[in-house]
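Remarks on the structure that follows.
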Amino acid sequence: MNKYEEENRALVAQLTHCLPLIETERGAYIKAEHGRLAAIIGTGYWNNEIEDYEIFHGRKGDELALIDDRPHDPYEITIEEMYWITRQYKKIERCGTETYTAFFNMMPEEKERFELLSGMWRKLMHGQLCSEEEIRLLDEGHDAFIDHKLTDPVEVKGNIQFDQAPDGGLNGGFNFNNRF
């Protein structure tokens with residue numbers, strides 16, 4: 001067997017092993033964060049390269065104020081975009097000042113995970129082999145990532161709830177002791 005055939009077999013083996021794991025993690029993240037991801041589709045972010053706003057998953061010529069009539073399906077977001085959106089910003093102009101905030105926030109360990117997944121996906125799609133270390137990290141962290149996104153309970157603390165008046169209106173009381 002020549003060197004090309006050996007590399008091709010190794011690439012096919014990595015594609016067969018890694019891509020289903022990467023896609024499973026992408027799907028689990030989207031399922032867990034569906035609403036947050038759907039909310040950014042069709043919204044503007046600041047593109048530093050061209051120093052102008054662009055629409056995430058929008059059409060060329062879309063205006064920021066227009067409501068897109070297409071459904072916002074987070075499952076259309078690619079694995080590379082999952083990492084990329086954490087590196088984009090919103091530009092807020094107020095009172096003659098500019099403020100930049102994150103376009104999409106992700107927990108640091110999740111962002112690190114998507115950096116790994118995105119890099120591996122890019123390599124494999126361009127016919128390059130992933131390192132043994134990358135595959136080890138993918139394998140060792142896979143089950144924990146899925147469990148974290150789909151089975152770990154979320155505890156909301158300090159949720160504000162209005163007390164309701166007997167006539168059905170709000171009486172302005174707050175309850176900060178809710179736990180879900």
Side-chain angles (χ1 to χ4, degrees), residues 10-51 53-58 64 71-92 98-161 176-180:
L11 180 62
V12 169
Q14 283 191 5
L15 286 164
T16 304
H17 176 75
C18 298
L19 289 183
L21 297 176
I22 291 170
E23 179 57 24
T24 300
E25 291 188 32
R26 183 187 79 88
Y29 188 85
I30 292 171
K31 182 177 181 179
E33 303 289 345
H34 191 276
R36 287 190 337 117
L37 289 165
I40 65 169
I41 295 174
T43 63
Y45 66 93
W46 182 253
N47 185 334
N48 274 336
E49 292 178 14
I50 63 171
E51 295 189 6
Y53 289 100
E54 289 195 337
I55 307 290
F56 182 64
H57 275 245
L64 293 176
H72 296 174
D73 185 4
Y75 288 97
E76 292 179 0
I77 300 173
T78 67
I79 193 71
E80 288 184 307
E81 288 174 324
M82 295 295 277
Y83 177 63
W84 177 85
I85 60 177
T86 66
R87 301 174 55 98
Q88 303 310 309
Y89 296 94
K90 293 180 193 177
K91 179 180 175 184
I92 302 167
E98 295 175 350
T99 304
Y100 294 89
T101 63
F103 180 61
F104 186 82
N105 288 312
M106 193 181 278
M107 297 298 291
E109 60 273 9
E110 293 170 347
K111 186 174 179 179
E112 184 178 307
R113 186 73 181 170
F114 277 103
E115 182 177 17
L116 170 72
L117 299 176
S118 173
M120 290 179 74
W121 187 88
R122 189 181 329 73
K123 281 182 180 179
L124 293 169
M125 291 297 105
H126 289 99
Q128 300 171 355
L129 292 172
C130 295
S131 70
E132 289 180 21
E133 176 67 9
E134 289 171 322
I135 294 172
R136 184 187 65 75
L137 290 170
L138 174 67
D139 290 341
E140 289 179 0
H142 179 73
D143 290 337
F145 183 84
I146 299 297
D147 288 345
H148 168 69
K149 288 315 293 178
L150 298 181
T151 60
D152 282 352
V154 174
E155 184 177 336
V156 178
K157 296 181 179 179
N159 186 35
I160 299 174
Q161 181 182 36
F176 287 97
N177 298 317
N178 295 332
R179 290 184 186 262
F180 297 99

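Values below: all heavy atoms of this structure, side chains included; hydrogens, waters and symmetry mates excluded. Owing to the predicted nature of the structure, the values given are computational and were not obtained by experimental measurement.
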Checklist entry - Under a 4.5 Å cut-off applied to non-hydrogen side-chain atoms, are Met82 and Ile30 in contact? => result yes
Checklist entry - How many angstroms lie between OG1 in Thr99 and NZ in Lys91, if you round to the nearest 0.5 Å? => result 10.5 Å
Item to check | Full working for side chain to side chain contact (heavy atoms under 4.5 Å, CB included) between Ile40 and Tyr45 | outcome: CA-CA 9 Å; Ile40 65 169; Tyr45 66 93; over 6 Å; no
Item to check | Nearest-0.5 Å distance that lies between atom CD in Glu112 and atom CE in Met107 | outcome: 12.5 Å
Checklist entry - What's the shortest heavy-atom distance between Ala28 and Ile146, and which atoms? => result CB-CD1, 3.6 Å
Checklist entry - Do Ile85 and Phe56 have side-chain heavy atoms sitting under 4.5 Å apart? => result yes
Checklist outcome for this item: In this structure, CG of Asp139 is separated from CD of Glu132 (nearest 0.5 Å) by 11.5 Å
Checklist entry - Are Thr78 and Trp84 close enough, and set up right, to give a side chain to side chain contact (heavy atoms under 4.5 Å, CB included), and what steps lead you there? => result CA-CA 10 Å; Thr78 67; Trp84 177 85; over 6 Å; no
Next on the checklist: Rounded at 0.5 Å granularity, tell me how far OH in Tyr83 sits from CZ in Arg122.
Outcome noted: 9.0 Å
Item to check | Shortest non-hydrogen contact between Thr43 and Ala39, atoms and distance | outcome: CG2-O, 3.3 Å
Checklist entry - Does a side-chain heavy-atom distance below 4.5 Å link Glu110 with His148? => result yes
Checklist outcome for this item: CG of Leu37 to CG of Asp73, rounded to nearest 0.5 Å, is 10.5 Å
Next on the checklist: Applying the side chain to side chain contact (heavy atoms under 4.5 Å, CB included) criterion to Cys130, which one of Leu138, Leu124, Leu11 satisfies it?
Outcome noted: Leu124
Next on the checklist: Assess the residue pair Glu134 and Lys123 against the criterion (side chain to side chain contact (heavy atoms under 4.5 Å, CB included)); give the C-alpha distance rounded to whole Å, side-chain angles, the decisive distance to 0.1 Å, and a yes or no.
Outcome noted: CA-CA 11 Å; Glu134 289 171 322; Lys123 281 182 180 179; 3.0 Å; yes
Checklist entry - Should Arg136 and Glu133 count as an ion pair when the cut-off is N to O under 4.0 Å? => result yes
Next on the checklist: For Ile79 and Met120: C-alpha separation, side-chain torsions, deciding distance, then whether side chain to side chain contact (heavy atoms under 4.5 Å, CB included) applies.
Outcome noted: CA-CA 10 Å; Ile79 193 71; Met120 290 179 74; over 6 Å; no
Checklist entry - Can you check whether Phe104's main-chain N or O pairs, donor with acceptor, with Arg36's side chain at less than 3.5 Å? => result no
Item to check | Arg26 side chain to Ile77 backbone, donor-acceptor under 3.5 Å | outcome: yes
Checklist entry - Taking atom CD of Glu23 as the centre, does the number of heavy atoms from other residues, nucleotides or ligands within less than 6.0 Å exceed 12? => result yes
Next on the checklist: Any heavy-atom pair between the side chains of Tyr100 and Gln88 that's under 4.5 Å?
Outcome noted: no
Checklist entry - What class does the angle between the rings of Phe145 and Tyr29 fall in, given that below 30° is parallel, 30 to 60° is tilted and above 60° is perpendicular? => result parallel
Item to check | Non-hydrogen atoms of Ala38 and Pro74 that approach each other most closely | outcome: N-CG, 3.6 Å
Next on the checklist: Between Glu25 and Lys149, does any side-chain N to carboxylate O distance fall below 4.0 Å?
Outcome noted: no
Item to check | More than 12 heavy atoms of other groups within 6.0 Å of Arg87 CZ | outcome: no
Item to check | Distance, nearest 0.5 Å, that separates CE of Met106 from OG1 of Thr86 | outcome: 5.5 Å
Item to check | Shortest non-hydrogen contact between Ile135 and Cys18, atoms and distance | outcome: CG1-SG, 4.0 Å
